[in-house]
Amino acid sequence: MHNGAKVTSARSQARSMLSERRAELLKRISDNQRDLERALSSLERVDKAAARRDAAIAKATEVFETKKHEAELAAGKCLAQVLARGETPSSIAELVGLDASTVRRLVKLVEHSDTSDTGEKTSPAQTVSSPAPAAAAPH
C-alpha cells in the first residue's frame with residue numbers, strides 16, 4: 001500500500017506540475033497576444049501620422065507651386081515690359097543679377113500663359129498693363 005500511495009502522489013504531483021505549466025503557457029500566450037496587439041496598434045498610429053504628414057506636404061507643395069508660378073508670372077510681366085522698352089535679355093540679366101536664360105524663361109512664361117488663356121499668341125508688351133505715367137520732370 002505504501003507503494004500505491006507513492007504512485008498516486010507522484011501522479012498527482014505530475015498532474016499538478018503539468019497543470020501549472022499549462023497555466024503558465026496560457027498566461028504567456030495571453031500576455032504575448034496583448035503586447036503584440038498593443039505593438040500593432042502603436043504602429044498603426046505611426047502609419048496614420050505618416051499619412052497626415054504626406055497629405056500636409058502635398059498641400060504645402062501645391063500652395064508653394066501656385067505661389068511660385070504667380071510670382072514668376074508677375075516677374076515675367078515686368079521683365080516683358082522692360083524688353084518692350086528696348087532692353088535685351090542679356091542687359092536685363094546684368095542689371096538684376098539673373099542669367100539671360102532665366103530672363104527669357106520668365107518672359108516665355110508670360111507668353112505661354114497668354115497663349116493658353118486665349119488660344120492666340122500675343123506679344124509680351126500686349127500682355128501687361130500699361131506702365132504708370134512717368135512723373136513730370138522738375139522745372
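Every value quoted in this text rests on a predicted model; they were computed, and no experiment measured them. Residue numbers count from 1 along this sequence.
Between Ile92 and Glu87, the shortest heavy-atom contact is CG1-CB, 3.8 Å.
Checked against side chain to side chain donor-acceptor pair (under 3.5 Å), Arg53 has no partners two or more places apart in sequence or in another chain. By the side-chain contact (heavy atoms from CB on, under 4.5 Å) test, Ser19 is found to be paired with no residue, residues two or more places apart in sequence or in another chain being considered. For Glu37, the side chain to side chain donor-acceptor pair (under 3.5 Å) partners are Gln33, not counting sequence neighbours. Residues satisfying the side-chain contact (heavy atoms from CB on, under 4.5 Å) criterion with Val46, sequence neighbours excluded, are absent altogether.
A donor-acceptor contact shorter than 3.5 Å is absent between the side chain of Ser30 and the backbone of Leu26. Under the 3.5 Å distance criterion, the side-chain polar atoms of Ser113 are left unmatched by any main-chain donor or acceptor of Leu109.
The side chain to side chain contact (heavy atoms under 4.5 Å, CB included) test with Val103 is passed by exactly one of Ser91, Ser90, Pro89: Pro89.
Rounded to the nearest 0.5 angstrom, Ser42 OG and Asp47 CG are separated by 11.0 Å. To the nearest 0.5 Å, the span separating OG1 on Thr61 from CG on Asp54 amounts to 10.5 Å.
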Steps toward side-chain hydrogen bond (donor to acceptor under 3.5 Å, both in side chains) verdict (Ser12, Arg15) | CA-CA 5 Å; Ser12 176; Arg15 285 188 187 122; over 6 Å; no

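Within the structure, every pair that satisfies the salt bridge (Lys or Arg N to Asp or Glu O under 4.0 Å) test and touches residues 16-31, not counting sequence neighbours, is listed here: Lys27-Asp31, Asp31-Arg34. Legend: salt bridge (Lys or Arg N to Asp or Glu O under 4.0 Å) pairs involving residues 97-110, not counting sequence neighbours, sorted by first then second residue: Glu72-Arg105.
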